[in-house]
Student: 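This is the structure I have questions about; it appears just below.
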Amino acid sequence: MRTLTVKSPGRVNLIGEHTDYALGYVMPAAINLYIILEGRPSTAVRLQSSALGEVAKFYPSNLVRSGDWSEYIKGIYYVLAKRGVRAGGVEGVISGNLPAGAGLGSSASLELAVLYFLNQAYSLKLSRIEMALIAKEAENEFVGVPCGILDQFSASMGRRGHAIFLDTELLKYEYVPVPSDTAIIVFFTGVKREIGRTAYVERRRVVEEGLRMLGVRTSKYLSSEVLAKLPAVHRRYLSYVVRENERVIRVRDLLKSGDVAAVGEVLVEAHEDLAVNYRVSCPELDFVVREAVRLGAYGARLTGAGFGGSAVILASKSRAESVAEGVLSRYVREFPWSPKYFIIEASDGVSIVG
Ligand code: GLA
């Protein structure tokens, strides 16, 4: 069989942070930064990463945990096998321009690249939503990262020029156009903090415990009266989640009416809430948000899990470059890291390009 080239996007989350594991609302977009997999069917898996200069090598019938990036690929085979789906191997190269560890969904992008390849090469007939769910399960159960569906859904279901309003409980979604005169800037702080993982697990544990205490699955219908029954820490984190769910709906509606300036204000409000109450920000992210707004952006906030990674900035297309450059030059005077920004386009989900 001929070589297939799969292009799998990263994601930026516009609003709805730390709500997916509480089965609330999110609103991400797939972005035009990609992982590219060029491969052909084979009995074994042999994938060379051009970024790492390493090769992932194993047989689909022998999945041994190795603590490295090949686990994202093995995880896919693990979940397929669990579901009784048999797929052969793949031989080829993984490359692309999506930075790893920048909070832009690179793990999900890799998972979807591999799964989409297998789906095509071995006619597995999986739908895009099934692929998102399989990839999430691979990460939860094989890699051991307790993420929600946000990243995998974005990489699989993205649509050019649109954000995705998603109910993560029912997996009901709606595409919302990004106004054509609005730029989305992704600002990577250059910070990859390990503490983020531990804090993520901890926040998730408290939020899930709170939901259990209230006897509900989803955070979507919680009121402040109900939350008042919870112990302080559970109340604090779940109250954030409830406010954030409400902001996702507000942003969806404001974006539909084209009021990007008002969207920007909600983003800043969300960042403040994440920093003060949910406590997943850091000085670098706070700095980026403050400076972006000072330089004339509509708004900005941390995107992804927090504690480093990236911020998302909304600005008019005419100002985007000067806002991004302005933040960058001030940032490097303040912090010793190597930041990078991307003015991105909302993009299609994973696809075959050749
Ligand atoms: C990470 C996880 C997502 C989501 C975000 C926070 O990106 O992979 O599932 O929980 O953090 O919104």
Side-chain angles (χ1 to χ4, degrees), residues 8-31 33 71-72 75 98-112 132-158 163-169 171 173 186 188-189 191-208 211 218-220 237-238 240-245 247-248 251 267 270-271 273-275 277-282 285 301-312:
S8 184
R11 65 98 187 93
V12 63
N13 193 16
L14 293 183
I15 189 82
E17 218 63 82
H18 289 276
T19 50
D20 62 354
Y21 49 82
L23 301 184
Y25 303 112
V26 293
M27 205 163 92
I31 61 179
L33 296 173
E71 289 200 345
Y72 295 104
L98 176 65
L104 299 175
S106 60
S107 314
S109 173
L110 173 59
E111 290 152 9
L112 262 303
L133 288 167
I134 289 169
K136 172 185 178 284
E137 199 174 321
E139 194 147 339
N140 292 163
E141 291 185 16
F142 195 87
V143 187
V145 176
C147 62
I149 192 75
L150 173 72
D151 306 350
Q152 291 80 6
F153 200 91
S154 314
S156 182
M157 297 290 289
I164 315 167
F165 171 83
L166 171 67
D167 175 330
T168 62
E169 184 199 15
L171 298 185
Y173 59 95
V186 166
F188 172 43
T189 57
V191 177
K192 303 177 180 182
R193 258 183 208 124
E194 257 313 297
I195 178 197
R197 262 207 179 195
T198 333
Y200 186 90
V201 173
E202 175 59 12
R203 295 295 180 285
R204 182 173 180 145
R205 189 188 64 73
V206 173
V207 163
E208 284 180 334
L211 291 173
T218 165
S219 56
K220 284 183 300 185
Y237 290 159
L238 263 175
Y240 158 80
V241 170
V242 168
R243 288 190 296 274
E244 182 76 348
N245 278 333
R247 282 190 287 262
V248 183
V251 166
L267 262 52
H271 182 78
D273 208 355
L274 279 160
N277 298 311
Y278 212 63
R279 292 189 275 203
V280 292
S281 188
C282 60
L285 286 166
R301 54 179 284 280
L302 70 84
T303 187
F307 291 103
S310 297
V312 56

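Heavy-atom basis, side chains included; hydrogens, waters and symmetry copies ignored. Order of listing sets the numbers, starting from 1, for every ligand and every atom in it.
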Student: Residues in side chain to side chain contact (heavy atoms under 4.5 Å, CB included) with Cys282, at least two apart?
Tutor: Arg193, Glu284, Leu285

Student: Starting from atom 3 (C) of ligand 1, what is the nearest protein heavy atom, named by residue and atom, and what distance separates them?
Tutor: Asp20 OD2, 3.4 Å

Student: Does a side-chain N-to-carboxylate-O contact under 4.0 Å join Glu139 and Lys136?
Tutor: no

Student: Provide the number and element of each atom of ligand 1 under 4.0 Å from a heavy atom of Cys147.
Tutor: 2 (C), 8 (O), 9 (O)

Student: Regarding ligand 1, does Gly16 bring an N or O atom to under 3.5 Å of one of the ligand's N or O atoms?
Tutor: no

Student: Looking at Ala305, which atoms of ligand 1 are within less than 4.0 Å of one of its heavy atoms?
Tutor: 11 (O)

Student: At a 4.0 Å cut-off, with the gap strictly under it, does some heavy atom of Arg11 reach an atom of ligand 1?
Tutor: yes

Student: Report all side-chain donor-acceptor pairs from residues 98-112 shorter than 3.5 Å, counting only partners two or more places apart or in another chain.
Tutor:
residue	atom	partner	partner atom	Å
Ser109	OG	Ser8	O	2.8
Ser109	OG	Pro9	O	3.4
Glu111	OE1	Gln152	NE2	3.2

Student: Do me a favour and list the nearest non-hydrogen protein atom to atom 8 (O) of ligand 1 with residue, atom name and distance?
Tutor: Asp151 OD2, 2.9 Å

Student: Can you pull out the closest protein heavy atom to atom 11 (O) of ligand 1? Residue, atom name and distance to 0.1 Å, please.
Tutor: Tyr200 CE1, 3.4 Å

Student: A side-chain contact here means heavy atoms from C-beta on lying under 4.5 Å apart; do Val312 and Leu14 qualify?
Tutor: yes

Student: Show me which atoms of ligand 1 lie under 4.0 Å from any heavy atom of Gly148.
Tutor: 9 (O)

Student: Kindly indicate whether the side chain of Tyr21, heavy atoms from C-beta on, has any atom under 4.5 Å from the side chain of Arg203.
Tutor: yes

Student: Should the ring pair His18 and Tyr278 be called parallel, tilted or perpendicular, given that the plane angle runs from 0 to 90° and is split at 30 and 60?
Tutor: tilted

